[in-house]
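Have a look at the structure below, then the notes.
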Amino acid sequence: MNLNEWFEKGLNPDLYIESMEKHKDDLLYIYDQFILPEDEAFFEQMREKNLRAIVLTEDWCGDAMLNIPILLKLSEASGIQVRMLLRDQNLELMDQYLTNGKSRSIPIFIFIDEDGNEVAKWGPRATKIQNFVDESLSKLPPKDAEDFKEKSSEVFLFMTKSYRDHPDFWKDVYTSLRETLQ
């Protein structure tokens with residue numbers, strides 16, 4: 001399939017959000033709380049490009065919970081149509097967008113033009129968020145440690161709460177998306 005076909009296959013964001021079970025409330029919280037910066041010249045530039053976005057995601061993904069509401073706010077201001085595809089049901093596309101050539105990390109945002117040509121790709125994280133994740137994960141014991149599972153659950157809970165409760169992270173995502181799209 002070409003990217004236009006993948007886009008057409010995707011779910012409208014409202015339908016995707018309604019289907020969510022794990023991170024719906026936190027995603028909606030970020031969406032409701034995030035205020036786009038005054039950036040009308042950039043929004044107009046994006047409207048002129050008439051872009052669309054394909055989002056590879058899954059409900060359980062904390063990074064998706066953080067990044068998708070920022071993309072949706074940006075899309076509303078700039079006329080970018082968005083469609084969501086579940087990663088695990090669309091591995092043929094996902095495997096074309098592996099992180100570091102090997103990982104099915106999500107979310108991945110694929111921006112396409114009217115003809116279905118890829119214009120930009122973003123994801124799974126803004127650089128500042130990646131640094132936060134790397135620092136958080138560095139505190140985990142070795143994978144074979146008796147308490148690894150417990151400690152990793154604690155770290156992921158901490159990261160998810162941090163994503164939800166730190167508006168600076170939201171701004172970092174916006175800035176990273178903006179830089180990718182310019």
Side-chain angles (χ1 to χ4, degrees), residues 7 10-40 42-43 45-47 51-90 94 97 99 103-112 120-137 139 152-182:
F7 180 84
L11 286 174
N12 153 317
D14 291 335
L15 290 174
Y16 168 74
I17 293 167
E18 282 304 311
S19 75
M20 292 178 73
E21 295 175 4
K22 181 158 174 106
H23 286 302
K24 180 178 180 177
D25 291 342
D26 289 336
L27 181 146
L28 289 172
Y29 176 84
I30 294 170
Y31 178 84
D32 289 340
Q33 299 300 313
F34 178 67
I35 298 169
L36 281 172
E38 294 292 324
D39 211 353
E40 191 53 44
F42 172 66
F43 302 146
Q45 181 185 33
M46 291 299 99
R47 283 191 286 273
L51 297 179
R52 293 172 291 153
I54 301 166
V55 176
L56 288 160
T57 188
E58 287 286 346
D59 180 13
W60 48 258
C61 178
D63 289 299
M65 174 205 80
L66 167 63
N67 297 322
I68 287 173
I70 309 307
L71 172 67
L72 293 177
K73 288 283 190 159
L74 172 60
S75 74
E76 291 164 5
S78 59
I80 297 172
Q81 292 182 55
V82 177
R83 294 295 180 271
M84 320 299 262
L85 290 170
L86 298 178
R87 179 194 76 173
D88 295 345
Q89 295 175 11
N90 296 283
M94 179 69 244
Y97 291 92
T99 300
S103 176
R104 291 178 174 157
S105 300
I106 51 176
I108 298 294
F109 302 162
I110 307 160
F111 295 93
I112 60 175
K121 173 204 149 284
W122 186 92
R125 296 183 184 112
T127 302
K128 288 182 180 179
I129 307 301
Q130 184 64 53
N131 294 339
F132 166 75
V133 169
D134 290 344
E135 182 181 328
S136 298
L137 295 177
K139 298 173 182 166
S152 63
S153 291
E154 291 171 6
V155 166
F156 283 109
L157 180 62
F158 165 74
M159 289 190 314
T160 300
K161 285 181 63 56
S162 296
Y163 286 175
R164 181 190 185 278
D165 296 337
H166 288 86
D168 286 348
F169 284 171
W170 312 345
K171 292 174 189 167
D172 292 337
V173 171
Y174 173 78
T175 299
S176 178
L177 280 167
R178 188 183 192 285
E179 289 169 357
T180 297
L181 288 168
Q182 279 199 304

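Since the structure is predicted, the reported quantities are computational estimates derived from the model, not experimental observations. We count residues from 1, following the sequence as given.
Checked by atom type and distance alone, the side chain of S19 pairs as donor or acceptor with a backbone atom of Y16 at under 3.5 Å. Proximity of a side-chain donor or acceptor of R87 to a complementary backbone N or O of P107 within less than 3.5 Å is not detected. A distance-only check finds no donor-acceptor pair linking the side chain of N67 to the backbone of R125 [under 3.5 Å].
Heavy-atom minimum distance, I108 versus G123: CD1-C, 3.9 Å. Nearest heavy-atom pair across D63 and I106 is CB-O, 3.7 Å. Considering every non-hydrogen atom in both W60 and H23, the closest pair reads O-NE2, 3.3 Å. Smallest separation of non-hydrogen atoms from L85 and G10: CD2-CA, 3.5 Å. Between V82 and P13, the shortest heavy-atom distance links the atoms O-CD, 3.2 Å.
Taking CD1 of I110 as the start and CE of M94 as the end, the distance is 8.0 Å to the nearest 0.5 Å. Taking CZ of F132 as the reference point, atom OG1 of T127 lies at 15.0 Å (rounded to 0.5 Å). Separation of atoms CG (D14) and CE (M84) is listed at 10.0 Å; rounding is to 0.5 Å. Note that CZ of F43 and CD of E76 are 10.5 Å apart. Values are rounded to the nearest 0.5 Å. Distance check: Q45 CD to L51 CG gives 9.5 Å after rounding to the nearest 0.5 Å. Interatomic distance, S75 OG to I70 CD1, rounded to the nearest 0.5 Å: 11.0 Å.
Side-chain contact between M159 and F156: present, with at least one pair of heavy atoms (C-beta onward) separated by less than 4.5 Å. Looking only at side-chain heavy atoms (C-beta outward), E179 and T175 come within less than 4.5 Å of each other. In this structure the side chain of L28 reaches within 4.5 angstrom of the side chain of K24, judged on heavy atoms. A heavy-atom distance below 4.5 Å is not found between the side chains of R83 and I54. Within the 4.5 Å cutoff, no side-chain heavy atoms of I35 are placed close to those of W170. The side-chain heavy atoms of L181 and W122, taken from C-beta on, include no pair separated by under 4.5 Å. In this structure, E154 and F158 have side chains that are not in contact, with every pair of non-hydrogen atoms separated by 4.5 Å or more. Taking the side chain as every heavy atom from C-beta outward, K161 and H166 never approach each other to under 4.5 Å.
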Residue pair V173, F34: steps toward the side chain to side chain contact (heavy atoms under 4.5 Å, CB included) verdict: CA-CA 11 Å; V173 171; F34 178 67; over 6 Å; no

Side chain to side chain contact (heavy atoms under 4.5 Å, CB included) between T180 and F109, intermediate numbers included: CA-CA 11 Å; T180 297; F109 302 162; over 6 Å; no

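Using modelled atom types and a 3.5 Å distance limit, the side chains of E135 and N131 yield no donor-acceptor pair.
Within a 6.0 Å radius of NZ in K171, no more than 12 heavy atoms belonging to other residues, nucleotides or ligands are found. Counting heavy-atom neighbours within 6.0 Å of K22 NZ, excluding the residue itself, gives a total of 12 or less. Within a 6.0 Å sphere centred on CD of E21, heavy atoms belonging to other residues, nucleotides or ligands number 12 at most.
Both the sub-6.0 Å distance and the 45° axial angle are not jointly satisfied by K128 relative to the ring of F169.
Evaluated for a side-chain contact (heavy atoms from CB on, under 4.5 Å) with P69, the options I30, L74, D32 yield exactly one hit, I30.
Ring centroids of Y163 and Y29 are separated by 6.0 Å or more, keeping the two rings apart.
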